[in-house]
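Right, one structure below, let's go through it.
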Amino acid sequence: MRVPIIAGNWKLYKTTAEALDLVNGLIPLVKNTAGVEIVVAPVFTVLGDVGRAISGTNIRLAGQDCFWEEEGAFTGEVSPRMLLDAGCNHVIIGHSERRQYFGETDETVNRKIKAALKDGLTVLFCIGETLAEREAERTFDVLKRQVANGLTGIATGQLNNIVIAYEPVWAIGTGKTASDTQAQEAHAFIRNQVAGFYDSETAAAIRILYGGSVKPDNIKGLMAQPDIDGALVGGASLKADSFAAIVNYGA
Ligand code: 13P
């Protein structure tokens, strides 16, 4: 059974006071939620405070990125070990905004995934095509390349600690969600790729999240798709009530 994950990517939002307001508002709204893994990914500077606030609750903590070295002269970077130290169990890697604005490539994403796995973090590995790629009918080629290159050199046993997040770039922050059918088609394709690179058992076990304008009113339809195992939520995760409504989609 694939346990669904609903993760909130707070991106570059929320100071300490705002982050604590959000998470303290969220805790009571999801405290009785069972059968869903709940994850929040705040900015690095508030990880410690948010981590303390959610300690003992059913909410888990994620970093939004990490570097591939443990430590060293790498000004501005944060390593998997530092994320663990701050209370994280998860890390988002390869988000399209990092690929678009910070020069991340399949190769750097792969190095980061390996480093995070080595230190015991669960990786939320993001992939997804741009609008131009979809319009040029290159979606499946892009997804295939991102999966193949992102997972290069990663052994079957390590896939337990990887969650794939399919986020079509054209659906992020635009209010344009992929239709349930479009999302399902991409998820089934990704699962098939994993079956091809690994085996069908591994593919059946890996969780694939959808991301891109997920809201309380479209989560149910997405979650009803056989290959959608949760969501990576941006904008709607910045308010306790809307994120809780997404987390509690099954209630
Ligand atoms: P939105 O939900 O704001 O479209 O963002 C999605 C996303 O990028 C999550 O990582």
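Quick caveat: nothing in here was measured; it's all calculated off a predicted structure. In listed order, ligands and their atoms are each counted from 1.
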- Task: If you have a sec, work out which protein heavy atom is nearest atom 2 (O) of ligand 1 and how many Å separate them, to one decimal?
- Result: G234 N, 2.9 Å

- Below 4.0 Å from any atom of ligand 1, is there a heavy atom belonging to A171? yes

- Which atom names give the shortest non-hydrogen contact between D229 and I206, and what distance separates them? OD2-O, 3.6 Å

- Query: Does an N or O anywhere in S213 fall below 3.5 Å from an N or O of ligand 1?
  - Reply: yes

- Message: Can you classify the ring geometry of Y166 versus H187 as parallel (below 30°), tilted (30 to 60°) or perpendicular (above 60°)?
- Response: perpendicular

- Query: Quick one: do the T177 and N218 side chains pair a donor with an acceptor below 3.5 Å?
  - Reply: yes

- Query: Any N or O on L232 sitting closer than 3.5 Å to an N or O of ligand 1?
  - Reply: no

- Query: For the side chain to side chain contact (heavy atoms under 4.5 Å, CB included) test, which of I92, V78, L83 pairs with C66?
  - Reply: L83

- Return yes when K11 approaches ligand 1 closer than 4.0 angstrom through a heavy atom, no otherwise. yes

- Query: Applying the 4.5 Å side-chain criterion to the ILVMFWY set and letting contacts propagate, would V36 and V163 be lumped into a single cluster?
  - Reply: no

- Are I5 and M223 joined in one hydrophobic group, where the rule is that I, L, V, M, F, W and Y side chains link up if heavy atoms are under 4.5 Å apart? no

- Message: If we only consider heavy atoms of A236, is any one of them less than 4.0 Å away from an atom in ligand 1?
- Response: no

- Item | Those atoms of ligand 1 less than 4.0 Å from some heavy atom in G212 | 4 (O), 6 (C)

- With a cut-off of 4.0 Å, which atoms of ligand 1 are near a heavy atom of G173? 1 (P), 3 (O), 4 (O)

- Message: I'd like to know whether ligand 1 has G211 as a neighbour, heavy-atom separation below 4.0 Å.
- Response: no

- Query: G235 to ligand 1: N or O pair under 3.5 Å?
  - Reply: yes

- Between the side chains of W170 and E129, does any donor sit under 3.5 Å from an acceptor? yes

- Message: Assess whether a salt bridge exists between R52 and D49, defined as any Lys/Arg side-chain N lying under 4.0 Å from an Asp/Glu carboxylate O.
- Response: yes

- Message: Is there a path of hydrophobic side-chain contacts, each under 4.5 Å between heavy atoms of I/L/V/M/F/W/Y residues, joining V142 to V194?
- Response: no

- Task: Say whether N9, considering both its backbone and side-chain N or O atoms, lies within less than 3.5 Å of an N or O atom on ligand 1.
- Result: yes

- Note on the structure: ligand 1 to E167, heavy atom cutoff 4.0 Å, flagged ligand atoms 6 (C), 7 (C), 8 (O), 9 (C), 10 (O)

- Query: N/O to N/O below 3.5 Å, does that happen between H95 and ligand 1?
  - Reply: yes

